[in-house]
2 protein chains.
Amino acid sequence: MRVPPTTLPAEPTHARRFGKARTAQASAVLEDYAELIADLLASEGEARPTDIARRLGVSHATAIKAISRLKREGLATARPYRGVFLTEAGERLAARVRERHRLVVDLLVALGVPAEAAEQDAEGIEHHVSDATLAAFSRFLKAR
Amino acid sequence: MRVPPTTLPAEPTHARRFGKARTAQASAVLEDYAELIADLLASEGEARPTDIARRLGVSHATAIKAISRLKREGLATARPYRGVFLTEAGERLAARVRERHRLVVDLLVALGVPAEAAEQDAEGIEHHVSDATLAAFSRFLKAR
DNA sequence: TGATATTTGTAGCCTAGGCTACATTTTTCG
DNA sequence: CGAAAAATGTAGCCTAGGCTACAAATATCA
């Protein structure tokens, strides 16, 4: 059964949506790293690759490669054997990620999701929440 | 400032959550493909790699490689130049993904997210929603 | 039919994000 | 101090998911 191509829209219907989702996810890991580094700097006074790796459950080699990407993106700096630091851009990113994470968790909990599952799901969900959706979450939480 | 390692928990605090999110995302793309193939089979009677690629906004080579992964995972079959078909497992996956997608979109809309943004965000969010969270979404939608 | 279009498939390259294994540097402590 | 332990960095390998370029098969139509 061969259908003439005209029955399929020339404009890629899903493309815009899917494309967005893909590239968004590319930076998801860096967002996690930035957030964790900020946490460690606040709570421990320093963020060492080994601690970062342990907290994320990856090998230290993996963490170091990710840190290299952070540096390349201008989000972090590091002095060998002296830990990792965030640039201003990195701090801003971390703050935004933390705030967004909190909001997503709060929303899930408000909807009746058990705290444990809420934390876990938020980790994956938060990277795909647009500003519009975030605003809606915020309004909903305030309104109730 | 070197802090004794004992101040950091031996158990990787974030590891469980992050690890889950990562491997979950590995199958996200295959879920998208399965859903789209089911759509095409229903609406067009066949699912050809070229149409799949156009709808997803990727090159046909990329689509073909993803289809190979689907076959390897036992989710799809394909006869050269005769399109792609879903196995029973593939059909089940597609049905689950479609249902989940609808639920996520409905929830976002119910929370006041504009339809356009809801569709877009759902594409990324849906792959990270656990059964517990899905159930909560469902309850919330019914209750209002 | 036969030339042209389209579709499909293959090959090779890239980056991200994982890993292990090994080498090096720094810190700790007897 | 100097040896052992810990942390760091490097090299090399893997898969997923993208891409372009080229080759081959199939459809279309003059």
Side-chain angles (χ1 to χ4, degrees), chain A residues 1-8 10 12 15 18-34 36 40 44 46-73 75-76 78-84 124 127, chain B residues 1-8 10 12 15 18-34 36 40 44 46-73 75-76 78-84 124 127:
Chain A
M1 174 193 189
R2 200 109 306 185
V3 180
T6 47
T7 60
L8 284 176
F18 279 122
K20 199 71 163 280
R22 297 257 171 62
T23 55
Q25 135 195 334
S27 57
V29 172
L30 292 195
E31 291 183 349
D32 287 342
Y33 276 86
L36 176 56
L40 286 173
E44 310 293 332
E46 67 173 5
R48 300 183 309 164
T50 296
D51 296 332
I52 294 169
R54 180 169 47 230
R55 289 278 288 267
L56 291 179
V58 300
S59 72
H60 79 274
T62 296
I64 286 174
K65 273 216 279 189
I67 292 165
S68 296
R69 283 193 295 274
L70 281 176
K71 288 190 282 190
R72 197 197 315 154
E73 305 278 333
L75 296 169
R79 296 202 317 283
Y81 294 89
R82 281 296 171 275
V84 183
H127 302 291
Chain B
M1 174 193 187
R2 200 110 304 185
V3 181
T6 47
T7 58
L8 284 176
F18 280 121
K20 198 72 162 280
R22 297 257 171 62
T23 56
Q25 135 194 334
S27 57
V29 172
L30 292 194
E31 291 183 348
D32 288 341
Y33 275 87
L36 175 56
L40 286 173
E44 311 291 332
E46 67 172 7
R48 300 184 308 164
T50 296
D51 296 332
I52 294 169
R54 180 170 45 228
R55 288 279 289 266
L56 291 179
V58 300
S59 73
H60 79 274
T62 297
I64 285 174
K65 272 216 278 188
I67 292 165
S68 297
R69 283 194 296 275
L70 281 176
K71 289 191 281 192
R72 198 197 315 154
E73 305 277 333
L75 296 170
R79 297 201 316 283
Y81 293 89
R82 281 296 170 276
V84 183
H127 302 292

Discussion item. A side-chain contact here means heavy atoms from C-beta on lying under 4.5 Å apart; do B/Glu44 and B/Asp51 qualify?
Written reply: no
Practice prompt. Could you check how far CG of B/Leu75 sits from P of D/dA16, rounded to whole Å?
Written response: 13 Å
Practice prompt. Name the residue closer to the 5' end of DNA chain D, choosing between A/Lys65 and A/Ala78 according to the nucleotide with the nearest heavy atom.
Written response: A/Ala78
Item to complete: Round to a whole Å and report the spacing from CZ of B/Arg48 to P of D/dA27.
Response: 10 Å
Practice prompt. Take the protein atom CD1 of B/Ile67 and the nucleotide atom P of C/dT8, then report the distance between them rounded to whole Å.
Written response: 9 Å
Practice prompt. Report the distance from atom CG of B/Asp51 to atom P of C/dT8, rounded to the nearest whole Å.
Written response: 7 Å
Discussion item. Within the 4.0 Å heavy-atom criterion, would you say B/Ala61 contacts the bases, only the backbone, or no part of the nucleic acid?
Written reply: base
Response to the item:
Taken to the nearest whole Å, CZ/B/Arg82 to P/D/dA25 is 15 Å
Worksheet item: Which listed nucleotide (C/dG9, D/dT8, D/dC19) is nearest to the side chain of B/Pro80?
Response: C/dG9
Item to complete: Return the value, rounded to whole Å, for the distance between atom CZ of B/Arg54 and atom P of D/dC19.
Response: 15 Å
Item to complete: Working to the nearest 0.5 Å, report the span between CD1 of B/Ile67 and CG of B/Leu75.
Response: 12.5 Å
Item to complete: Just name whichever nucleotide pairs with D/dT26, Watson-Crick or G-U, keeping both distances under 3.5 Å, else none.
Response: none
Discussion item. Rounded to the nearest 0.5 Å, what separates atom CG in A/Leu40 from atom CZ in A/Arg55?
Written reply: 5.0 Å
Worksheet item: When you check the glycosidic angle of C/dA5, does it come out syn, meaning within 90° of 0, or anti?
Response: syn
Worksheet, complete the sentence: Taking C/dT8, D/dT8, D/dA16 as options, the one with an atom nearest any side-chain atom of A/His60 is D/dT8
Practice prompt. Examine C/dC19: is either OP1 or OP2 under 4.0 Å from a nitrogen or oxygen in the side chain of A/Thr62? Give yes or no.
Written response: yes
Fill in: Pairing partner (Watson-Crick or G-U wobble, both distances under 3.5 angstrom) of C/dA5
none
Worksheet item: If you round to the nearest 0.5 Å, how far is NE2 of A/His127 from CG of A/Leu30?
Response: 10.0 Å
Discussion item. I want to check one thing: is the phosphate of C/dA16, taken as OP1 and OP2, less than 4.0 Å away from some side-chain N or O of A/Arg69?
Written reply: no
Fill in: Whole angstrom value for the distance that separates C1' of C/dA16 from CD of A/Glu31
15 Å
Response to the item:
The residue, A/Ala66 or B/Ile64, whose nearest nucleotide of DNA chain C is more 5′ is B/Ile64
Worksheet, complete the sentence: Rounding to 0.5 Å, atoms NZ (B/Lys65) and OG (B/Ser59) come to a distance of 9.0 Å
Discussion item. Heavy atoms only, 4.0 Å cut-off, all strands: where does B/Arg79 land among base, sugar-phosphate and nothing?
Written reply: nothing
Discussion item. So, OP1 or OP2 of C/dC19: does either fall under 4.0 Å of a side-chain N or O from A/Ser59?
Written reply: yes
Discussion item. What is the distance, to the nearest angstrom, from the OH atom on A/Tyr81 to the C1' atom on C/dT28?
Written reply: 15 Å
